[in-house]
Amino acid sequence: MKIKYHGIAQDEREMGVAAARNSSRWKQIAIISFVMNVLLSITTLTKILLELKKQPISEYLRETSSYSPLLNSISLNLDHSVINGTLFPNTSPPSIWRQNPSPAVDEAWESISDTSLFRITRADVLALGRDPSTTTAVPPSYNLGADLYFAELDGQHQLHCLNAIRKYAYFPYYFGDKYNDTISMPVFHQHHLSHCLDILRQNLLCQESTDIITYQWVEGQSIPQPDFSIEKVCKRRDQIVDWLDRRYLPLTDDMKVNVPRPENVAEIEVPASPYWNELVEKARAAGIQLHEYVE
């Protein structure tokens, strides 16, 4: 007897077609699922980037700075600026910052290195990790507000130190009528100079610039020369100055040097205090100002 298999073959063909269709359908579903996941990822990433873009730059600055009420109270912006790194002045006359000492130059430097005191709150003192009992408060007799404390911006102190070193660099102009050199200056001035040098050293190492300086072939030079005129991302100086202006304490000279000392005030001892006290006593015994005392 001959057995016919065409029925089975037909069934197999139909099953094969169905399997192929199912396989094709699953492939389509997989492709659609993949595309949807990609689109979802792109949408999510876009939302994250938009949120980050909306986030004030102060958020990032706070992550790379110790606590500052300035960063907590304003949205500090950044500017892109190309600094002037030429070895020789490229303008005539040179920039005021590169000119020899004069009353106009002094005025310019004093305008950016002011270290006037401003106010911070008790909450700020605590956020700084300081003890309010050993932090100098604004005396109630000054009638400038309650629960306020004296403060100074570190950046302004660094500019003050740079200005001080500038003056020591032009020694004859600023001190030549009194002293022969820095070694013969009063002890206070000698320590002021070394203090300022070390303050700037520590700050430069702490916030070392990672910007890149390239080299160029320069006409008339036999070896490549560094191009110090590089682009910097800078904090908006005008915003910082405006913040300080709104918080400066209107103190007279007398209020600055004759701050009333509260009774039983907590004092801290610094390593140099014995030497400092001895220096003060020697100056008083000699009947001269501490700033003018020479050992």
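Just so it is clear, the structure is predicted and the values come from calculations on it, not from any experiment.
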Flag yes if more than 12 heavy atoms outside [X] fall under 6.0 Å of its [atom1] atom; otherwise flag no.
X: Ile212; atom1: CD1; result: no
X: Arg98; atom1: CZ; result: yes
X: Arg201; atom1: CZ; result: yes

Legend entry - Residue from Asp181, Thr182, Asn180 passing side-chain hydrogen bond (donor to acceptor under 3.5 Å, both in side chains) with Ser184: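 Output: one option passes, namely Asp181.
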Side-chain contact, heavy-atom cut-off 4.5 Å: [X] with [Y]?
X: Ile96; Y: Glu107; answer: no
X: Ser141; Y: Pro260; answer: yes
X: Arg247; Y: Leu70; answer: no
X: Asp131; Y: Thr134; answer: yes
X: Pro186; Y: Tyr179; answer: yes

Looking only at heavy atoms, which two atoms of [X] and [Y] are closest? And how far apart?
X: Phe150; Y: Pro139; result: CZ-CD, 3.8 Å
X: Ile112; Y: Arg237; result: O-NH2, 3.2 Å
X: Asp227; Y: Gln216; result: OD2-NE2, 3.6 Å
X: Gly85; Y: Ser229; result: N-OG, 2.9 Å
X: Met255; Y: Val259; result: O-CG2, 3.3 Å
X: Pro69; Y: Ser73; result: O-OG, 2.8 Å

Hey, could you give me the [atom1]/[atom2] distance between [X] and [Y], rounded to the nearest 0.5 Å?
X: Gln202; Y: Leu197; atom1: CD; atom2: CG; result: 11.5 Å
X: Lys178; Y: Met185; atom1: NZ; atom2: CE; result: 12.0 Å
X: Asp147; Y: Arg122; atom1: CG; atom2: CZ; result: 6.0 Å
X: Leu159; Y: Thr115; atom1: CG; atom2: OG1; result: 10.5 Å
X: Leu87; Y: Phe228; atom1: CG; atom2: CZ; result: 8.5 Å
X: Arg236; Y: Ile74; atom1: CZ; atom2: CD1; result: 9.5 Å

Kindly work out whether a path of hydrophobic side-chain contacts (I/L/V/M/F/W/Y, heavy atoms less than 4.5 Å apart) joins [X] to [Y].
X: Tyr149; Y: Trp243; answer: yes
X: Tyr248; Y: Leu144; answer: no
X: Leu251; Y: Ile120; answer: no
X: Leu128; Y: Leu126; answer: no
X: Leu244; Y: Tyr67; answer: yes

For [Y], does its backbone N or O pair with a side-chain atom of [X] as donor and acceptor, under 3.5 Å?
X: Glu267; Y: Val265; answer: no
X: Gln158; Y: Leu200; answer: no
X: Gln99; Y: Pro94; answer: yes

No-hydrogen, no-angle side-chain donor-acceptor test under 3.5 Å, [X] and [Y]:
X: Asn277; Y: Glu281; value: no
X: Asn84; Y: Thr86; value: yes
X: Tyr168; Y: His189; value: yes
X: Asp106; Y: Tyr173; value: no
X: Asp114; Y: Gln156; value: no
X: Ser81; Y: Asp79; value: no

Inset, instruction - Evaluate the ring planes of His157 and His160, with Trp represented by its six-membered ring, and classify them as parallel (under 30°), tilted (30 to 60°) or perpendicular (over 60°). - result: parallel
Inset, instruction - Mind telling me whether His195 and His192 have parallel, tilted or perpendicular rings, with 30° and 60° as the class edges? - result: parallel
Inset, instruction - Please step through side-chain contact (heavy atoms from CB on, under 4.5 Å) for the pair His191 and Val187, ending with a clear verdict. - result: CA-CA 6 Å; His191 285 287; Val187 179; 3.3 Å; yes
Inset, instruction - Let me see the working for Leu71 and Ser65 under side-chain contact (heavy atoms from CB on, under 4.5 Å), right down to the final yes or no. - result: CA-CA 9 Å; Leu71 295 178; Ser65 306; 4.0 Å; yes
Inset, instruction - Quick one: do Lys232 and Ile230 satisfy side-chain contact (heavy atoms from CB on, under 4.5 Å)? Show the steps, please. - result: CA-CA 6 Å; Lys232 291 280 186 178; Ile230 60 177; 4.0 Å; yes
Inset, instruction - Kindly indicate, with the supporting measurements, whether the criterion side-chain contact (heavy atoms from CB on, under 4.5 Å) is fulfilled by Phe118 and Arg246. - result: CA-CA 9 Å; Phe118 62 92; Arg246 288 184 279 111; over 6 Å; no
Legend entry - Positive for side chain to side chain contact (heavy atoms under 4.5 Å, CB included) with Leu153, one of Ile240, Val241, Leu117: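 Among Ile240, Val241, Leu117, the one meeting side chain to side chain contact (heavy atoms under 4.5 Å, CB included) with Leu153 is Ile240.
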Inset, instruction - Examine Tyr170 together with Tyr174 and report whether their ring centres are nearer than 6.0 Å. - result: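 Distance test on ring centres: not under 6.0 Å, no.
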Inset, instruction - Could you walk me through whether Glu110 and Lys167 pass salt bridge (Lys or Arg N to Asp or Glu O under 4.0 Å), step by step? - result: CA-CA 12 Å; Glu110 293 298 331; Lys167 292 180 177 179; 3.3 Å; yes
